[in-house]
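Since we're looking at a predicted model, the values are computed, not measured.
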Amino acid sequence: MGSFKDIEEAREHFKKDRFATTSGMVLDELGEDYAVTSVVLNENHQNAYGGIMGGAIFTLADLAFAALCNNLHQPTVAQQVSINYLGAPKGEKMIARAYIKKDGKRTCTINVDVTDDTGRDIAQFVGSGFKL
């Protein structure tokens, strides 16, 4: 069992992540070794050219990363993260799927794949969490 007793407790905890939640990002699923977050895209996520801002993509991946890290060990903070942008979203929704690459004594490594609802690859995020 993870740090959270259930997904509702995790959702309540991450309501305090105001940037993500006010941007419409939600925690859809949380297991012992994975997390899924999503966001329905709208004009608030667009950049000056009408595309989806990189920061919106990063934030969605970061929320999935945070949910999984903190379900492994609470509290855990990001130690280092990187993201590769692979393509622009074409659908109406983005989905981030986080999974454990390594769960060590003091650190964890989480991979997050971001896609849209058409199945298009949007980004690949890799994060290292430091367990406090």
Side-chain angles (χ1 to χ4, degrees):
M1 185 168 170
S3 294
F4 299 110
K5 68 179 179 186
D6 57 30
I7 194 166
E8 291 308 320
E9 181 181 43
R11 285 178 178 145
E12 189 63 32
H13 176 79
F14 285 103
K15 280 184 183 177
K16 294 178 271 184
D17 191 341
R18 289 194 174 63
F19 186 78
T21 57
T22 60
S23 297
M25 298 174 189
V26 296
L27 176 60
D28 295 314
E29 298 177 37
L30 182 62
E32 290 188 28
D33 59 355
Y34 75 99
V36 179
T37 59
S38 66
V39 63
V40 175
L41 299 170
N42 63 48
E43 65 277 353
N44 293 326
H45 301 109
Q46 292 178 345
N47 61 25
Y49 296 106
I52 301 302
M53 290 193 74
I57 298 165
F58 184 95
T59 300
L60 182 65
D62 189 50
L63 180 61
F65 166 78
L68 183 51
C69 283
N70 282 280
N71 200 38
L72 294 174
H73 174 88
Q74 199 174 51
T76 297
V77 296
Q79 184 174 29
Q80 190 280 330
V81 299
S82 65
I83 191 166
N84 290 316
Y85 296 101
L86 306 173
K90 300 295 184 194
E92 297 178 6
K93 182 178 185 179
M94 285 191 306
I95 303 103
R97 293 173 178 86
Y99 56 94
I100 300 167
K101 187 68 175 176
K102 180 179 188 261
D103 184 17
K105 184 175 180 178
R106 299 293 293 161
T107 64
C108 61
T109 301
I110 306 295
N111 290 353
V112 183
D113 295 322
V114 181
T115 61
D116 69 11
D117 55 345
T118 71
R120 183 177 173 88
D121 288 327
I122 306 305
Q124 182 179 36
F125 174 110
V126 178
S128 295
F130 182 75
K131 299 175 181 183
L132 298 177

Roughly how far, to the nearest 0.5 Å, is the [atom2] atom of [Y] from the [atom1] atom of [X]?
X: Asp6; Y: Arg11; atom1: CG; atom2: CZ; answer: 9.0 Å
X: Asp17; Y: Ser23; atom1: CG; atom2: OG; answer: 9.0 Å
X: Lys90; Y: Ile122; atom1: NZ; atom2: CD1; answer: 8.5 Å
X: Leu68; Y: Asp33; atom1: CG; atom2: CG; answer: 7.5 Å
X: Thr109; Y: Lys101; atom1: OG1; atom2: NZ; answer: 9.5 Å
X: His13; Y: Asn71; atom1: NE2; atom2: CG; answer: 10.5 Å

[X] versus [Y], closest heavy-atom pair with distance:
X: Ile57; Y: Ala123; answer: CG2-CB, 3.7 Å
X: Pro75; Y: Asn70; answer: CA-OD1, 3.5 Å
X: Ala67; Y: Ala35; answer: CB-CB, 4.2 Å
X: Ser3; Y: Glu9; answer: O-OE1, 4.2 Å
X: Pro89; Y: Leu41; answer: CB-CD1, 4.0 Å
X: Ala61; Y: Val114; answer: CB-CG2, 3.9 Å

CD (Gln74) with more than 12 external heavy atoms under 6.0 Å: yes
Would [X] and [Y] show up in the same hydrophobic cluster when neighbours are defined by side-chain heavy atoms closer than 4.5 Å?
X: Met25; Y: Tyr85; result: yes
X: Ile7; Y: Ile110; result: yes
X: Tyr34; Y: Phe4; result: no
X: Leu72; Y: Val112; result: yes
X: Ile100; Y: Val81; result: yes

message: Side chains of Ile52 and Met94, heavy atoms from C-beta outward: is any pair under 4.5 Å?
response: yes
message: Can you confirm whether Phe130 sits close enough to Thr76 that some side-chain heavy atom of one is under 4.5 Å from a side-chain heavy atom of the other?
response: no
- prompt: Does the pair Phe125 and Asp113 meet the rule for a side chain to side chain contact (heavy atoms under 4.5 Å, CB included), with working shown?
  reply: CA-CA 6 Å; Phe125 174 110; Asp113 295 322; over 6 Å; no
query: Can you list every pair that meets side-chain hydrogen bond (donor to acceptor under 3.5 Å, both in side chains) and has a residue in residues 119-132, with sequence neighbours left out?
result: Asp103-Lys131
message: Working note: Phe14 + Leu63, criterion side chain to side chain contact (heavy atoms under 4.5 Å, CB included); need CA distance, chi angles, decisive distance, verdict.
response: CA-CA 8 Å; Phe14 285 103; Leu63 180 61; 4.0 Å; yes
- request: Would you please say whether a donor-acceptor pair under 3.5 Å links the side chains of Arg97 and Thr115?
  value: yes
message: Do Asp28 and Ser38 pair up side chain to side chain, a donor and an acceptor below 3.5 Å, judged on atom types alone?
response: yes
message: For the backbone of Phe65 and the side chain of Asp62, can you confirm whether one donor and one acceptor N or O come within less than 3.5 Å of each other?
response: no
